[in-house]
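Have a look at the structure below, then the notes.
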Amino acid sequence: MARVHRNHPAYWAFVIHRLSGLGLAAFLPVHLYVLGLALSDSTAFADFISWSNTPALKALETLLVVFLSAHLSGGLRLLALEFLDWRNWQKTLVALSGGFSLCIGLVFLLYAY
Amino acid sequence: MQTDQISVSIWRGGEDGKYQTYRVPRLESQTVLDVVTYIQRELDPSLSYRFACRVGVCGSCAMTVNGKARWTCRTHVSRVADGGAITLAPLRNLPVVKDLVVDMAVFFDKWEKALGSFVGDQTRDQALAAVSPADPRRREASAGIECIGCGICYATCDVVDWNKDYLGPAAMNRAWTLINDARDVARLPRLQAIAGDNGCLGCHSQQGCVERCPKSLNPTVAIAGLKRESMKAALKGELS
Amino acid sequence: MTIEFEQSQTDVLILGAGGAGLFAALHASTLAPDAHITIAVKGLLGKCGCTRMVQGGFNAAMAAEDSIERHFMDTIEGGKWLNNQDLAWTLVNEAPRRIRELENELGCFFDRNPDGSLHQKAFAGQTFDRTVHKGDLTGIEIINRLAEQVWKRGIHRLEDHRAVELIRSKDGSGLAGVLMMDMRTGKFRLVQAKAVLLATGGGPTMYKYHTPSGDKSCDGMAMALRAGLPLRDMEMVQFHPTGLIAGPGTRITGTIIEEGLRGYGGHLLGGDKQRFMATYDDRAERATRDIVSRAMYSEMRKGNIGPNGGLYITMKHLDAKEVRTRFKGMVQRCHDCGFDLVAGDVEVVPTAHYMMGGVEFASDCQTELPGLFAAGEDTGGVHGANRLGGNGVANSTVFGGIAGDAIARWLPDHGVFREPDLDAAKAAVAATQYPFRIEGGHMPAIREKLYDVMWEDAGILRDAGSLARARAAVDDLHGELMRTGIADDNRAYNLSWHDWLNLESQILISKVVIEAALVRDDSRGAHFREDFPETRDLETSRYTKATLADKAISITTEPVIFNRIKPGETLLSD
Amino acid sequence: MSLPSARTESFLWLAQRISAMVLAVCVTVHIATMIIAVQGGLSAAEIISRVGGSRLWLGFYLVFVTAVAIHAPIGLKSVLREMTALPMRRIELLVGLFAIVIAALGLRAAFGLYGLGGQ
Ligand SMILES: Cc1cc2nc3c(=O)[nH]c(=O)nc-3n(C[C@H](O)[C@H](O)[C@H](O)COP(=O)(O)OP(=O)(O)OC[C@H]3O[C@@H](n4cnc5c(N)ncnc54)[C@H](O)[C@@H]3O)c2cc1C
Ligand code: HEM
Ligand code: SF4
Ligand code: F3S
Ligand code: FES
């Protein structure tokens, strides 16, 4: 009830941007750490890769890719809004960026299996 | 068809009040303000609410109607009655005086803080400036000028809620019209007033302000303009 | 019962925050920067009153081909020679400067021609297109800009404060201060001031159909009358022909449908959906406000009405796209409230718009009572028997500014805190709390009856019989109000209490309107007596002057002084 | 406690926007390679064979890491300021540390991968 003022596309775009940004920021140190493993201990890295091939982690990975693409497209939308003075395009842009990130996620899923 | 009664829950009291429910006869040409008036006149004389013009020019009658901030004198009941029920609360983000009445002082203080007032260098004894209505800067100013100060955008914006010092959409919308006013001479002080995280940079383009503004203004675009101009000022070393 | 109030002091106390009050504050603070200035207002500063509601615009002879004299002649002719000519002359002389001040110093931006010069539009009853405007929302632009400047100057504000009574000094020689009520708490405060400006904006809100904002209820006029000041021309109430009507259940009833619609070719239809204006005037729908209002009222009396008792305005014979773009605001406003202005018939009715009458005052805004100044719609004499569209906001801003200047100049020599008559203040507190001491009654019924009586018997068409009926009925309503109480459960922001106090002011001023209308036994301008349909000799014109003594209203008449121009003459050379 | 000046805030904002533009390119390339790479099954060998010894890839990842180390902490700063009650000093400290961690881990990975291949 008290929250319905948030129920409009631009607000959802904001939420998704914020959540994805946070998600990415949380994932980033882990990601870089694991990459770092690849050089010091390649078996550990291989272990990690095979462990991460479980469906649950695949799903998580997909989510991250969706996050990344959502944050990317949402970020481009914000940059356009802030720097290009685009007035009434925002809703279209919200939809476009949402669609774009879903596509990326699906493509990733298709290829990953 | 409409039921012949609507059920209206209204916030009663100050910050720590509670909802009270009334049943009001449904009329054909009935606005939310009319509903509230009916309750005060016929059912509960102690109900408090604010209004003045009753036709959408003074911006006094804004409240939270079923969760969304709206001007109630121009909101027909049929547009909001959700299954014959309406819930009314005071505007968010402003201190409650009583029931549906809020204290708007901070809203206007911030308007002033954003230097939302004209500073000219001409006097009443000089001729008017010639400004073409087609001039792009004038058009930009005109696009945002018809703000009625209703506070709906301010009540809708979450950044206002999260950061008590955030100037908010209406104040910055006004600052932007002045930045584009060729006759104004306080551009730099104004950019200094709206720069930074409590000003334009605090806006995350949530656009609730645009979504809800009853005058169809676009504070997001105005604030984006301020971001660009204050950034130029920062690069030129004009901000402190 | 408690008779308590706080006391405070301010050099200058301004009552009301419309064009008059805000301009006075700015001018006073400029000329007297060290003075402590307070604006007290019944709502929030900048968000109430009628100046904000101005649609059409502001008359000022700015164009090279126009002249002050021409504006003056239009004002006097429009006022049917009843105006105080010095006041009218001051109005037209100052108006262009006020426009330049609004633009150059305060930041208003009025509409321009494509070449960047000021655009001025036509308004009925004027021989030159001299109405300065900002689209059809001129008032928002003016009040927003004024309010910003007032905030900036740090002028002290008492918002949500209702002026209750003007309190004279103990020796009666002058004004000592004003008893105020803090609406948020229901508590009282006697604000002592060296100078007080009355700028509460009058407002004929006692009529069933009326345009002004809900915070206006003739309080200022009522306070002035009770303080012993005379009100002039009170029979002169202007009706705007096209107010929306949607029944008594909605506050939208009475609000204006723009005059420009008729100018553009809109038709007025009776309940039978036939045009009727042509039988009243050759200009049909384009006739002046008073003629159209009277014609509409006559049709309504014949019973040729729609479901809510009104007539119709329609634009459906015109190009829909044009109507939609030209009158965007109006179309949207009607739509929001459930009416289709483009393709439908919208029910309308003449609606009480403006009171030409008010407190007698001089060109420097002084009144008879030392320490009390007045400006704006609270005052009388500027407009005579009829106000030109566009002269209302000119009046409030011009005289508001003059009042601010005059007060600042007056302060050094005359500004003293007079010892207030505390007994009078206590009596006023007691009178204000009166409704809490009694029980019973139904206030909405009193309001509705007052609306009906004023509309039917003291409205657009009047005669001795109807006015006598009105007099008796309003007396009864006053008695009924005195028997109607309010539950004393919470005085904070108690709107019902304010409704009661509003009704009290409205009833008092209704009585004055009725008495003045009885005395004026001819028809002119906004005042039409069916038993005296002719206008008397202009040369011997007299104006009415109402005073209150021992709760009785008395009306005298005074000759109009033609010190600048006599009927039949003109200041124009061509 | 004094807040950072409007000027500092402005430069941080601008840095975040500029790094975002850089990231836009990096992320696009990253997503594209990822989809291609994952196709063949992700493995250390794959990554090393691609990146190892390649100056181009090294340059790319250095830019990527730097941009992220600028972009993400500034973003976190406003999130923390708005959504937690932490004092500004604490927030600055936290996100500063975060920036260093990202930069350190990122540079280690990039240089490490580069060093592993191509010999
Ligand atoms: C819908 C509409 C359209 C109009 N259009 C035009 C137009 O196009 N052109 C034109 O020239 N004129 C127009 N007018 C008339 C014009 O608006 C007024 O004549 C003029 O603005 C009055 O100014 P004011 O300052 O005297 O009063 P207002 O602007 O009405 O201000 C009165 C102030 O006094 C306050 N007040 C009232 N009672 C008390 C109290 N007891 N204590 C404290 N404060 C109190 C009110 O809250 C308000 O702030 C229009 C009026 C209306 C209603
Ligand atoms: C790996 C990459 C990235 C990480 C870890 C990341 C992280 C973050 C974080 C934590 C925020 C703060 C969120 C908020 O304020 O709500 C943020 C904001 C932002 N990001 Fe990213 N981001 C990344 C990539 C990108 C890309 C590629 C773009 C754009 C093209 C981008 C554009 C933005 C913008 C514009 C903001 C500001 C949002 C605002 O202030 O409202 N980001 N990012
Ligand atoms: S910008 Fe719109 S919503 Fe905000 S105060 Fe102005 S009119 Fe109201
Ligand atoms: S809702 Fe708030 S975040 Fe910005 S776009 Fe509007 S001010
Ligand atoms: S009452 Fe004035 S905007 Fe609603």
Side-chain angles (χ1 to χ4, degrees), chain A residues 1-28 63-64 66-105, chain B residues 9 11 19 63-70 80 82 85-93 136 139-140 143-144 152-162 176 180 200-201 203-213 216-232:
Chain A
M1 175 74 225
R3 298 279 171 262
V4 306
H5 70 276
R6 294 177 178 159
N7 193 7
H8 59 96
Y11 196 91
W12 284 114
F14 163 80
V15 171
I16 289 169
H17 196 76
R18 180 151 284 194
L19 287 178
S20 60
L22 285 171
L24 292 172
F27 164 75
L28 197 60
L63 183 72
L64 273 168
V66 174
F67 268 9
L68 190 60
S69 49
H71 194 83
L72 167 65
S73 49
L76 287 173
R77 162 183 167 267
L78 286 173
L79 292 175
L81 235 161
E82 287 174 341
F83 290 102
L84 301 179
D85 195 16
W86 272 354
R87 257 167 202 284
N88 298 313
W89 291 52
Q90 291 97 332
K91 278 191 186 157
T92 328
L93 280 173
V94 173
L96 279 180
S97 48
F100 172 75
S101 47
L102 264 179
C103 286
I104 291 288
Chain B
S9 298
W11 183 260
Y19 285 97
M63 330 170 177
T64 311
V65 182
N66 289 347
K68 290 183 181 169
R70 290 179 182 276
V80 289
D82 181 4
I86 301 181
T87 302
L88 299 176
L91 280 185
R92 286 169 75 237
N93 297 342
R139 294 239 298 265
E140 188 69 22
I152 286 175
C153 52
Y154 190 84
T156 305
C157 176
D158 272 351
V159 180
V160 172
D161 184 20
W162 296 333
W176 179 240
N180 285 293
C200 58
L201 304 185
C203 168
H204 298 294
S205 309
Q206 292 176 352
Q207 288 175 280
C209 51
V210 183
E211 183 74 16
R212 294 250 47 85
C213 174
S216 307
L217 305 188
N218 194 331
T220 312
V221 161
I223 297 171
L226 292 176
K227 287 175 180 169
R228 293 192 298 276
E229 293 307 312
S230 72
M231 216 46 65
K232 284 183 206 156

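Basis for what follows: all heavy atoms, side chains included, without hydrogens, waters or symmetry-related copies. Just so we're on the same page: letters track the sequence lines, and every chain starts at 1. Predicted model, so just to flag it, every value in this text is computed and none were measured.
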Item to check | Stepwise side-chain contact (heavy atoms from CB on, under 4.5 Å) test for Asp158(B) and Tyr11(A) | outcome: CA-CA 10 Å; Asp158(B) 272 351; Tyr11(A) 196 91; 2.3 Å; yes
Next on the checklist: Among Ile152(B), Thr64(B), Thr156(B), which residue satisfies the side-chain contact (heavy atoms from CB on, under 4.5 Å) criterion with His5(A)?
Outcome noted: Thr156(B)
Checklist entry - Quick one: does His204(B)'s side chain get under 4.5 Å of Arg18(A)'s, heavy atoms only? => result yes
Checklist entry - About how many Å separate NE2 of His8(A) and CD of Gln206(B), when rounded to the nearest 0.5 Å? => result 7.5 Å
Next on the checklist: Looking at every heavy atom in both Gln207(B) and Leu81(A), which two are closest together, and how far apart are they?
Outcome noted: OE1-CD1, 4.0 Å
Next on the checklist: To the nearest 0.5 Å, what is the distance between OG on Ser205(B) and CZ on Arg77(A)?
Outcome noted: 6.5 Å
Checklist outcome for this item: Heavy-atom nearest pair, Lys227(B) first then Glu82(A), reads NZ-OE2, 2.7 Å
